[in-house]
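Heads up, the thing below is written out as structure tokens.
Just so it is clear, the values below take in all heavy atoms, side chains as well, and ignore hydrogens, waters and symmetry mates. Proteins get letters first, then strands, A, B, ... in listed order; numbering begins at 1 in each.
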Amino acid sequence: DGGITQSPKYLFRKEGQNVTLSCEQNLNHDAMYWYRQDPGQGLRLIYYSQIVNDFQKGDIAEGYSVSREKKESFPLTVTSAQKNPTAFYLCASSITGSGNTIYFGEGSWLTVV
Amino acid sequence: QQQVKQSPQSLIVQKGGISIINCAYENTAFDYFPWYQQFPGKGPALLIAIRPDVSEKKEGRFTISFNKSAKQFSLHIMDSQPGDSATYFCAATPTGRRALTFGSGTRLQVQP
């Protein structure tokens, strides 16, 4: 089936550790995105990429890093510099171009313990 | 900086009633306005979208009303059903940036 696959669904991290969230899509979309969702704050953009080997910071990029080595993959690393990483993380993709539908994955829950 | 303001934060409607969610934006460069529906533990899914060259768009029970001069747009759900109970997000895309800016969300509960 075509879609966006995020893994793991649930992840626990100890303070001071880096963790990487996986995002893979088989929709042949050029653009990919990472959003963070906190209760009552909607979705906030972390990073986005419109093409392989290129990405731009979103509104809350501090403490996060990404790579885009393949069209299908856009992993997000939550570094120890992110002071409040506990959240629901959503990966998305779209055909490049303004106004095209953005499709979301099922999300990954990250909890710091 | 919140560029899309959404209200109300929560909404309770009786089955068969009309649900209305409002959004206001500040950036006049926005040129695409979608609404997303999200069920608990799931990713958001596109519900309906509009561009500023039209004032209204209807798809089934869902209608977007758009007021360009007031920089406001709203979602109307007619004949609301319990299965519509979810969180709804408005969003907007500014020209030149492909990523969506989201409102803070409205949790809708439709009572049977």
Side-chain angles (χ1 to χ4, degrees), chain A residues 3-10 21 23 25 27 29-51 54-61 66 68 74 87-110, chain B residues 1-11 21-27 29-54 57 59 64 66 86-107:
Chain A
I4 301 170
T5 301
Q6 290 187 238
S7 62
K9 180 69 175 179
Y10 300 95
L21 305 180
C23 180
Q25 56 98 359
L27 300 169
H29 287 168
D30 291 308
M32 297 187 74
Y33 315 82
W34 275 105
Y35 285 88
R36 169 178 170 147
Q37 186 172 18
D38 296 280
Q41 295 193 46
L43 285 73
R44 293 182 291 167
L45 181 67
I46 305 173
Y47 269 98
Y48 66 106
S49 167
Q50 298 186 45
I51 195 170
D54 186 46
F55 47 83
Q56 287 79 41
K57 292 183 179 180
D59 302 314
I60 55 165
V66 293
R68 187 83 189 279
F74 192 40
F88 188 48
Y89 291 87
L90 287 158
C91 178
S93 71
S94 71
I95 299 171
T96 300
S98 179
N100 287 300
T101 302
I102 291 180
Y103 297 88
F104 284 88
E106 293 284 273
S108 293
W109 290 94
L110 173 62
Chain B
Q1 179 184 3
Q2 186 181 12
Q3 296 192 54
V4 181
K5 295 184 179 181
Q6 183 172 346
S7 64
Q9 186 174 7
S10 63
L11 181 62
I21 305 170
N22 301 298
C23 283
Y25 62 96
E26 301 165 0
N27 189 342
F30 286 152
D31 62 359
Y32 175 66
F33 302 88
W35 284 89
Y36 279 78
Q37 179 188 55
Q38 184 181 31
F39 294 103
K42 301 294 185 181
L46 178 68
L47 192 61
I48 186 172
I50 197 169
R51 292 192 178 275
D53 53 345
V54 296
K57 183 175 182 179
E59 291 185 2
I64 298 179
F66 185 82
T87 299
Y88 293 81
F89 292 95
C90 63
T93 302
T95 302
R97 190 172 100 159
R98 311 306 184 213
L100 289 170
T101 297
F102 283 86
S104 56
T106 296
R107 186 173 180 179

Subject >> Sequence-distant partners of B:Phe89, ring pair (Phe, Tyr, Trp, His ring centres under 6.0 Å), two or more places apart >> reply: none

Subject >> Residue selection (most heavy-atom pairs with chain A, distance under 4.5 Å) from B:Gly105, B:Pro44, B:Ala91 >> reply: B:Pro44

Subject >> Closest approach of A:Leu90 to B:Gly43 (non-hydrogen atoms, all atoms of both residues) >> reply: CD2-CA, 3.7 Å

Original post:
Does any heavy atom of chain B fall under 4.5 Å from the side chain of A:Leu43, the backbone, both, or neither of them?
Top reply: both

Original post:
For B:Pro34, is it the side chain, the backbone, both, or neither that has a heavy atom closer than 4.5 Å to a heavy atom of chain A?
Top reply: neither

Subject >> Spacing of A:Phe104 atom CZ and B:Tyr36 atom OH [to the nearest 0.5 Å] >> reply: 5.5 Å

**OP:** Please name the pair of heavy atoms, one in A:Phe88 and one in B:Lys42, separated by the smallest distance, quoted to 0.1 Å.
**Re:** CE2-O, 3.9 Å

**OP:** Assess whether atom CG of B:Leu46 is packed by more than 12 heavy atoms of other residues, nucleotides or ligands within 6.0 Å.
**Re:** yes

Original post:
If you count heavy-atom pairs under 4.5 Å with chain B, which of A:Gln56, A:Gln37, A:Arg44, A:Gln6 comes out on top?
Top reply: A:Gln37

Original post:
At what distance, to the nearest 0.5 angstrom, does CG of B:Leu100 lie from OG of A:Ser94?
Top reply: 8.0 Å

